[in-house]
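Whatever order the structure lists them in is the order used to number ligands and atoms, beginning at 1. Worth saying up front: this structure is predicted, and the values here are computed from it rather than measured.
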Amino acid sequence: MQNTLVIIKPNGVRGAIIGEIIARFEKSRLAVSAIRLRTITRAEAEGFYAEHKERGFFGELVDFMTSGPVVLLALRGEKAVEAVRHMNGATNPANALPGTIRFDFAPNTGENVVHSSDSAESAAREIAYWFKADELTEYTPASYVL
Ligand code: UDP
Ligand code: MG
């Protein structure tokens with residue numbers, strides 16, 4: 001079992017597809033272990049994306065991520081990191097495969113609707129960035145038992 005951190009970006013919240021996105025994860029047996037909706041601060045966005053701070057798109061990325069509320073989501077399931085990266089699709093939605101969230105909903109790279117952790121190590125760091133340990137709850141949904 002793995003954990004991963006997903007952010008439904010401001011255009012996903014504005015677009016009223018929170019439920020659609022979470023439903024896809026639940027159908028793939030990824031359980032929500034923590035969830036919160038709020039507008040993050042510039043300092044929080046800059047810290048979260050610190051690895052990209054030298055990149056030309058950094059300022060626009062921070063502007064976009066603080067432009068409205070986001071959903072912060074910790075998910076737990078089999079191969080959760082790789083599974084969610086596949087389900088989200090390529091960073092540039094022009095390269096995303098049909099059936100992925102970014103293929104279906106993302107207008108461009110900068111506004112690509114969803115974030116997800118790129119490794120188990122990133123996931124641990126990113127989940128701890130947004131959630132306290134006692135905000136995470138592990139359980140196995142009954143619907144997974146066939
Ligand atoms: N991004 C961008 N332009 C780029 C590359 C990335 O605006 O050329 C944004 C995009 O929103 C992306 C985020 O920066 O989701 C983080 O980039 P990363 O390469 O980590 O992509 P991801 O892991 O989100 O697929
Ligand atoms: Mg990334």
Side-chain angles (χ1 to χ4, degrees), residues 1-138 141 144:
M1 295 290 266
Q2 281 186 325
N3 301 298
T4 194
L5 188 278
V6 169
I7 303 178
I8 302 176
K9 297 185 180 187
N11 59 338
V13 175
R14 280 192 286 269
I17 53 172
I18 295 170
E20 159 86 31
I21 291 170
I22 294 176
R24 291 185 183 208
F25 296 138
E26 288 189 311
K27 285 173 188 167
S28 294
R29 302 188 182 192
L30 296 157
V32 175
S33 49
I35 184 168
R36 183 187 302 133
L37 180 147
R38 68 184 180 84
T39 303
I40 65 173
T41 66
R42 290 193 72 84
E44 285 175 327
E46 287 166 1
F48 182 73
Y49 282 117
E51 66 180 306
H52 297 304
K53 66 174 182 291
E54 308 303 335
R55 310 279 295 276
F57 60 80
F58 187 69
E60 285 187 2
L61 176 60
V62 172
D63 287 345
F64 175 62
M65 291 302 290
T66 57
S67 68
V70 301
V71 175
L72 305 165
L73 199 59
L75 299 176
R76 181 170 177 81
E78 294 285 340
K79 301 181 181 176
V81 171
E82 189 180 359
V84 175
R85 295 286 294 184
H86 276 281
M87 293 176 72
N88 283 0
T91 304
N92 180 345
N95 300 326
L97 288 174
T100 63
I101 292 166
R102 285 165 168 171
F103 178 93
D104 286 344
F105 300 115
N108 54 59
T109 301
E111 300 171 303
N112 57 9
V113 180
V114 275
H115 166 87
S116 67
S117 309
D118 62 10
S119 68
E121 295 70 32
S122 298
R125 175 173 46 77
E126 292 178 358
I127 290 169
Y129 191 86
W130 298 112
F131 294 106
K132 298 176 192 146
D134 69 2
E135 294 178 305
L136 296 157
T137 306
E138 286 183 17
Y144 295 0

[X] versus ligand 1: do any nitrogen or oxygen atoms come within less than 3.5 Å of each other?
| X | value |
| --- | --- |
| Tyr49 | no |
| Arg55 | no |
| Arg102 | yes |
| His115 | no |

- Query: For atom 7 (O) of ligand 1, which candidate among Ala106, Ser122, Gly110, Ala90 provides the closest heavy atom?
  - Reply: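 The option holding the nearest heavy atom is Gly110.
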- Message: For atom 2 (C) of ligand 1, which of the options Phe57, Phe64, Phe48 provides the nearest non-hydrogen atom?
- Response: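 It is Phe57 that holds the nearest heavy atom.
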- Which ring-ring contact (aromatic ring centres under 6.0 Å, His included) pairs, counting each pair once, include a residue from residues 50-109, with sequence neighbours left out?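 Sorted result for residues 50-109: His52-Phe57.
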- Query: What atoms of ligand 1 come closer than 4.0 angstrom to any heavy atom of His52?
  - Reply: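 Taking each heavy atom of His52 in turn, ligand 1 has 16 (C), 17 (O), 18 (P), 19 (O), 20 (O) under 4.0 Å.
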- Which ligand 1 atoms are under 4.0 Å away from a heavy-atom of Arg85?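 Near Arg85, meaning under 4.0 Å from one of its heavy atoms, ligand 1 has 22 (P), 23 (O), 25 (O).
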- Message: Applying salt bridge (charged side-chain N to carboxylate O under 4.0 Å, His left out) to Glu111 and Arg14, what does each step give before you reach the verdict?
- Response: CA-CA 12 Å; Glu111 300 171 303; Arg14 280 192 286 269; 5.5 Å; no
- For the pair Glu20 and Arg24, find out whether any cationic side-chain nitrogen is under 4.0 Å from an anionic carboxylate oxygen. yes
- Message: Counting non-hydrogen protein atoms only, what is the nearest one to atom 22 (P) of ligand 1? Give residue, atom name and distance.
- Response: Thr91 OG1, 3.5 Å
- Task: Name the closest protein heavy atom to atom 10 (C) of ligand 1, giving the residue it belongs to and the distance to 0.1 Å.
- Result: Thr109 O, 3.3 Å
- Taken to the nearest 0.5 Å, the spacing of Lys9 NZ from Met65 CE works out to 5.5 Å
- From OG1 (Thr91) to NE2 (His115), nearest 0.5 Å: 10.5 Å
Check each heavy atom of [X] against ligand 1 and say whether those closer than 4.0 Å belong to the side chain, the backbone, both or neither.
| X | answer |
| --- | --- |
| Asn112 | side chain |
| Met65 | neither |
| Lys9 | side chain |
| Glu51 | neither |

4.5 Å side-chain heavy-atom contact, [X] and [Y]:
| X | Y | answer |
| --- | --- | --- |
| Ile101 | Phe25 | yes |
| Thr109 | Pro93 | yes |
| Thr66 | Thr41 | no |

